[in-house]
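Presented below is the structure to which this report refers.
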Amino acid sequence: MGEVRSLHVPEGLEGERVDAALARLFGLSRSGAADIIAAGDVLLDGAEVATKSERLHAGAWLEVTLPPPPAPPAPVAEPVPGMGILFEDDDIVVVDKPIGVAAHPTTGWTGPTVLGGLLGAGHTIATSGASERQGIVHRLDANTTGAMVVAKSEVAYSRLKRAFKERRIDKRYQALVQGHPDPFRGTVDAPIDRHPSGDGRFAVVAGGKPSVTHYDTVEAFRAATLLDIDLETGRTHQIRVHMSAIRHPCVGDMAYGADPTLAARLGLKRQWLHAVRLGFEHPGTGEWVEFESPYPDDLAHALKIVEAES
């Protein structure tokens with residue numbers, strides 16, 4: 001059974017075709033909206049909508065039964081070239097995630113995943129969590145590289161999930177951002193939610209989820225600044241969104257306003273953002289452990305050019 005959504009037709013949709021209105025209201029394709037209408041899942045003032053071309057009138061009561069979202073695909077157990085292991089024991093495995101690898105399968109993603117790579121290489125992973133993200137306690141963007149921990153035991157999964165929720169994890173990133181942030185050390189405290197365009201990006205949005213990013217300058221160059229970043233929260237695209245919001249996007253991050261000319265000069269095809277260090281209380285021993293990831297080749301090369309030009 002799908003989700004039932006009910007609302008009055010706003011004045012801005014007066015005279016609009018039902019299929020076009022559904023597409024706008026619920027982020028559907030026109031064909032998807034037509035399928036819902038054909039299935040008899042759209043009521044207008046209590047009566048079933050007969051055709052997709054029927055016109056709406058403002059103030060009418062619209063009731064729509066939306067189909068359930070498609071289930072994410074199961075992880076494909078295939079080794080991931082270039083994915084290193086920083087540490088492993090019976091409770092956890094800490095990977096050095098390369099570029100172009102998602103944390104776990106999601107709808108629409110057809111590339112490699114950390115979870116599939118570990119399973120394909122014969123690693124045992126905790127079975128806790130949804131089937132497509134078993135053992136995953138936090139994520140990195142597909143094109144963000146660096147240290148990421150995955151739970152192998154059920155105890156480790158529950159303890160690490162709690163530690164991330166209670167913000168008892170030290171997640172350190174470094175980002176090369178355009179220009180020179182002022183002040184050179186500061187905090188960005190701005191709520192984040194999906195971008196109104198619905199194109200997969202995120203943005204600072206009133207009423208979004210509380211999001212806090214602390215940054216400190218490591219070194220300033222002529223065209224860019226290398227920042228050390230400490231996340232107080234862990235929202236999707238948080239660093240990328242916050243840096244863009246203060247008009248210093250990550251170098252190479254064209255989705256969030258970076259200069260494509262600078263990115264091309266540095267040979268970058270993705271954002272200059274790397275999870276350099278991950279520290280937490282080991283879920284088995286209780287001891288504090290820290291793991292570091294060196295810069296991958298593309299980021300190291302770009303940084304070398306920026307240094308040489310300064």
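The analysis underlying the following values was restricted to heavy atoms, covering all of them including side chains, and did not include hydrogens, waters or symmetry mates.
A donor-acceptor contact closer than 3.5 angstrom links the side chains of Q238 and T213. Y295 and Q174 share a side-chain donor-acceptor pair at under 3.5 Å.
A salt bridge does not link D89 with K152: every distance from a Lys NZ or Arg NE/NH1/NH2 to an Asp or Glu carboxylate oxygen is 4.0 Å or more. A salt bridge is absent between E292 and R172; no separation between the charged side-chain nitrogens and carboxylate oxygens falls under 4.0 Å. With respect to the salt-bridge test (charged N to carboxylate O, under 4.0 angstrom), the residues E281 and R159 do not qualify.
H237 and Y256 have their aromatic ring centers within a separation under 6.0 angstrom.
Taking the six-membered ring where tryptophan is involved, the planes of F291 and F87 are tilted, since the angle between them lies from 30° to 60°.
Residue A23 comes nearest to R30 through the heavy atom pair CB-CD, 4.2 Å, listed as atom of the first residue, atom of the second, then distance.
A donor-acceptor pair under 3.5 Å links the side-chain atoms of E154 to the main chain of S128, judged by distance alone.
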Working for ring pair (Phe, Tyr, Trp, His ring centres under 6.0 Å), residues H282 and W288: CA-CA 6 Å; H282 189 287; W288 184 261; over 10 Å; no
Verdict with supporting geometry, L268 and V251, side chain to side chain contact (heavy atoms under 4.5 Å, CB included): CA-CA 8 Å; L268 280 177; V251 173; 3.7 Å; yes
Stepwise side chain to side chain contact (heavy atoms under 4.5 Å, CB included) check, R24 with E16: CA-CA 10 Å; R24 289 176 59 185; E16 190 83 66; 3.0 Å; yes
Derivation and outcome, side chain to side chain contact (heavy atoms under 4.5 Å, CB included), residues L226 and T217: CA-CA 6 Å; L226 183 63; T217 295; over 6 Å; no
